[in-house]
J.: 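One structure is given below, represented as structure tokens, and several questions about it will come after.
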Amino acid sequence: MDNNQDLYCVGCGAKLQTTDKKKAGFLPENTLNKYLESDEQELYCQRCFRLRNYNDIMDVDMEDSEFIDILNKISDEDALVVNLIDIFDYNGSVIPGIHRFIGNNEMILVANKEDLLPKSVNRDKLKRWFHKEAQKDGLNPVDEILISAKKNTNLDDLLTMINKHRGKKDVYIVGTTNVGKSTLVNSIISMSSDIKNLVTTSRFPGTTLDRIEIPLDDGAMMIDTPGIIHRYQLAHFLNEKELKEVTPSSEIKPKVYQLRGLQTLFIAGLARIDFVDDIKTNAFVYVDNNLLIHRTKLEKADEFYEKHQGDILNPPFEPGTLPEMNPVKFTITEKSDIVIAGLGWVTVQPGITIKAYAPKGVEITLRKAIV
Ligand SMILES: Nc1nc2c(ncn2[C@@H]2O[C@H](COP(=O)(O)OP(=O)(O)OP(=O)(O)O)[C@@H](O)[C@H]2O)c(=O)[nH]1
Ligand SMILES: [Mg+2]
């Protein structure tokens, strides 16, 4: 295949090739030939085809550093950067000190997946909260907005913001894997055309593999980019079926627990919160609505976990597929959230001690309660 020099997959941005199934951009030679003979506009690689039609992910050989390089190159350009974070997984999705990658270019900070947070969470308070967090992480945006790329919430305002800041510059959509960059690009495209779902999106981290350029009205480009990989996100430890169970798809309804103390809450087989004092308290669990929350006596918790991970406590669907549970101890001095990157959080009351467990390698953090 010599004539593919300029062919790229519209779904993931990878350069198309017909020689190596394991590498990005593969498609069978006969599919390519059929396309070349047809008058179809869009060509997708085999991986995108399967993701789009069967929700089936094929691993490809890529180095994390290739994605960092793409981000880094933005510093050589005169562009506007739109940095998406996932408001449901702020810690897992923020890129601290992002300015070292994007140089002096202006950046708009966009908190996505607003639709997942309970309506009871005051939006202005939430905006103030992520503004403060972003400052702490060394982010210095020219503007900030809370959106849902999936439900089109506040997208008009975001577009106005982008147009105000970009002049005639290109616009880069950047962020960690899975924050919804490609979903946002698709939503923006569909606002001004009848093209739907042009770019491939999926719940698997690492869907987009290379730059995807979308022409804007004035000849400038909007560029979707591959996500930066944060290995400590839970998604990297789960298989397809498990990831489906864990990813919330609609507004989270917090579950409240009145606890007697010396009790444990299991969040499926993925996390465990021990209330180690003999003190009455309550806790609010913010995770996917369908995930099992199981309460036991603290003294029985180890045994229960040994016996039931992979059956009652699922996902995981098989015992022993996740790294060992790693405990972190927290002394709670104010109303706080114990956040498990990618899974959700548990809001706890002051005056108690907590031991929180997640599979080793998944980040657990404590923050002042956002609700
Ligand atoms: N609830 C909700 N889900 C969203 C939203 N935006 C994106 N998603 C979901 O998040 C997952 C990831 O979306 P993508 O658009 O593929 O994310 P990405 O940032 O392009 O990911 P990479 O290409 O892997 O870097 C998909 O399951 C989307 O449906 C949103 O506003 N709300
Ligand atoms: Mg993408």
Side-chain angles (χ1 to χ4, degrees), residues 8-14 24 44-45 47-48 51-52 55-60 62 64 66-68 70-71 81-90 92-95 110-119 121 123 126 145-155 158 172-190 196-214 222-231 233-236 238 240-253 286-290 342 344:
Y8 293 86
C9 173
V10 273
C12 68
Y44 292 94
C45 68
R47 178 174 175 272
C48 278
L51 260 177
R52 300 169 70 86
N55 239 317
D56 171 28
I57 184 83
M58 294 164 68
D59 280 334
V60 289
M62 298 279 291
D64 298 7
E66 296 180 45
F67 302 143
I68 303 254
I70 292 174
L71 191 61
V81 175
V82 173
N83 178 200
L84 254 73
I85 55 170
D86 177 348
I87 195 66
F88 179 64
D89 184 16
Y90 174 86
S93 65
V94 68
I95 303 173
V110 178
N112 188 32
K113 308 199 186 181
E114 181 263 355
D115 57 297
L116 292 180
L117 294 191
K119 297 270 182 307
V121 178
R123 279 3 190 199
L126 192 63
I145 191 167
L146 185 64
I147 67 160
S148 165
K150 197 162 144 188
K151 303 271 158 137
N152 285 7
T153 314
N154 294 342
L155 289 199
L158 172 60
Y172 278 88
I173 315 289
V174 308
T176 312
T177 54
N178 251 353
V179 292
K181 299 178 293 301
S182 302
T183 304
L184 174 63
V185 167
N186 282 340
S187 297
I188 292 177
I189 294 172
S190 68
K196 299 254 179 317
N197 297 324
L198 181 73
V199 179
T200 305
T201 65
S202 83
R203 73 174 76 90
F204 308 109
T207 303
T208 306
L209 297 177
D210 211 333
R211 300 160 45 107
I212 303 175
E213 298 186 351
I214 311 289
M222 172 171 67
I223 302 141
D224 188 11
T225 62
I228 300 303
I229 300 171
H230 281 170
R231 293 274 163 213
Q233 278 181 296
L234 183 65
H236 292 288
L238 303 178
E240 301 157 36
K241 213 172 129 211
E242 291 164 346
L243 192 53
K244 186 170 179 206
E245 298 286 315
V246 167
T247 311
S249 56
S250 57
E251 184 190 330
I252 289 169
K253 309 267 191 264
Y286 293 79
V287 297
D288 178 90
N289 297 331
N290 297 314

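Quick caveat, the model's predicted, so the values are computed rather than measured. Atoms within a ligand are numbered from 1 in the order they appear, just like the ligands themselves. Along the sequence shown, residues carry numbers from 1.
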J.: For atom 21 (O) of ligand 1, grab the closest protein heavy atom and report residue, atom and distance to one decimal in Å.
T.: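 In this structure, atom 21 (O) of ligand 1 has Asn178 N, 3.0 Å as its nearest protein heavy atom.
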J.: For ligand 1, which atoms have a heavy atom of Gly227 less than 4.0 angstrom away?
T.: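 Ligand 1 atoms under the 4.0 Å threshold to Gly227: 25 (O).
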J.: In this structure, which one of Thr200, Asp224, Thr201, Asn197 forms a side-chain hydrogen bond (donor to acceptor under 3.5 Å, both in side chains) with Ser182?
T.: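 Going through Thr200, Asp224, Thr201, Asn197 one by one, the side-chain hydrogen bond (donor to acceptor under 3.5 Å, both in side chains) with Ser182 is satisfied by Asp224 alone.
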J.: Identify the closest protein heavy atom to atom 30 (C) of ligand 1: which residue and atom is it, and at what distance?
T.: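 Ranked first by proximity to atom 30 (C) of ligand 1 is Lys150 CB, 3.4 Å.
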J.: Which heavy atom of the protein is the closest neighbour of atom 1 (N) of ligand 1, given with residue, atom name and distance?
T.: Asp115 OD2, 2.9 Å
J.: Tell me which part of Leu116 gets within contact of ligand 1: side chain, backbone, both or neither, using heavy atoms under 4.0 Å.
T.: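 It is the side chain that gets close, since no backbone atom is under 4.0 Å.
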J.: Of the non-hydrogen atoms in Ala149 and Ser187, which two are nearest, and what is the gap between them?
T.: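 The pair with the smallest heavy-atom distance is O-OG, 2.7 Å.
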J.: Measuring from atom 23 (O) of ligand 1, which candidate in Thr208, Leu243, Leu209, Val185 has the nearest non-hydrogen atom?
T.: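 Going through Thr208, Leu243, Leu209, Val185 one by one, Thr208 has the nearest heavy atom to atom 23 (O) of ligand 1.
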J.: Would you please determine whether Pro205 falls within less than 4.0 Å of ligand 1 on a heavy-atom basis?
T.: yes
J.: Is Arg123 paired with Glu114 through a side-chain N to carboxylate O contact shorter than 4.0 Å?
T.: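 Salt bridge: yes.
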J.: For ligand 1, note which part of Thr201 has a heavy atom under 4.0 Å away: side chain, backbone, both or neither.
T.: both
J.: Look at atom 9 (C) of ligand 1 and find which of Lys151, Arg203, Lys113 reaches it with the closest heavy atom.
T.: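 The nearest heavy atom belongs to Lys113.
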J.: Could you tell me whether the side chain of Asp288 and the main chain of Val246 form a donor-acceptor pair under 3.5 Å?
T.: no
J.: Is the distance between the Mg ion (ligand 2) and the nearest N/O/S atom of Thr208 smaller than 2.8 Å?
T.: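 For Thr208, the answer is yes, given that an N, O or S atom comes within less than 2.8 Å of the Mg ion (ligand 2).
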J.: Looking at Thr207, which atoms of ligand 1 are within less than 4.0 Å of one of its heavy atoms?
T.: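 The atoms of ligand 1 under 4.0 Å from a heavy atom of Thr207 are 22 (P), 23 (O), 24 (O).
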J.: Is Met222 close to Ile173 at the side-chain level, that is, under 4.5 Å between some pair of heavy atoms?
T.: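 Side chain of Ile173 against side chain of Met222, heavy atoms only: contact under 4.5 Å found.
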J.: If you measure every N or O of Gly206 against every N or O of ligand 1, does any of those distances drop under 3.5 Å?
T.: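 Yes, there is a polar N/O contact under 3.5 Å.
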J.: Can you tell me if Ser182 has an N, O or S atom under 2.8 Å away from the Mg ion (ligand 2)?
T.: yes
J.: Less than 3.5 Å apart, any donor N or O on the side chain of Asp115 or Ser148 sitting next to an acceptor on the other?
T.: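 Their side chains do contain a donor-acceptor pair, which is all the 3.5 Å distance test asks for.
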J.: Taking the side chain from Asp64 and the backbone from Ile229, do they hold a donor-acceptor pair closer than 3.5 Å?
T.: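 No: the side chain of Asp64 does not pair with the backbone of Ile229.
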J.: Check each of Pro226, Ser202, Gly180 against atom 11 (C) of ligand 1 and report the one with the nearest heavy atom.
T.: Ser202
J.: Just how far is it from atom OG of Ser93 to atom CG of Asn178, taken to the nearest 0.5 Å?
T.: 10.0 Å
J.: Tell me the protein heavy atom at minimum distance from atom 18 (P) of ligand 1, and give that distance in Å.
T.: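 The answer is Lys181 N, 3.5 Å.
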J.: Where the side chain of Lys181 meets the backbone of Thr176, is there a donor-acceptor pair that is under 3.5 Å apart?
T.: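 It does hold such a pair.
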J.: Students should be able to answer this: which protein heavy-atom is nearest to atom 28 (C) of ligand 1, and at what distance?
T.: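 Closest protein heavy atom to atom 28 (C) of ligand 1: Thr183 OG1, 3.8 Å.
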J.: Within this structure, what is the CG-NZ distance for the pair Asn112 and Lys150, rounded to the nearest 0.5 Å?
T.: 10.0 Å
J.: Any nitrogen or oxygen of Pro248 lying under 3.5 Å from a nitrogen or oxygen in ligand 1? Just yes or no.
T.: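 Between Pro248 and ligand 1 (N or O atoms, distance only) the closest approach is not under 3.5 Å.
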J.: Ser148 to ligand 1: N or O pair under 3.5 Å?
T.: yes
J.: Would you say the side chain of Leu243 lies within less than 4.5 Å of the side chain of Pro205, judging by non-hydrogen atoms?
T.: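 Sidechains of Leu243 and Pro205: in contact.
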J.: How far is atom 6 (N) of ligand 1 from its nearest protein heavy atom, and which residue and atom is that?
T.: Asn112 ND2, 3.2 Å
J.: If the test is side chain to side chain contact (heavy atoms under 4.5 Å, CB included), which one of Leu71, Leu209, Ile70 qualifies with Pro226?
T.: Ile70
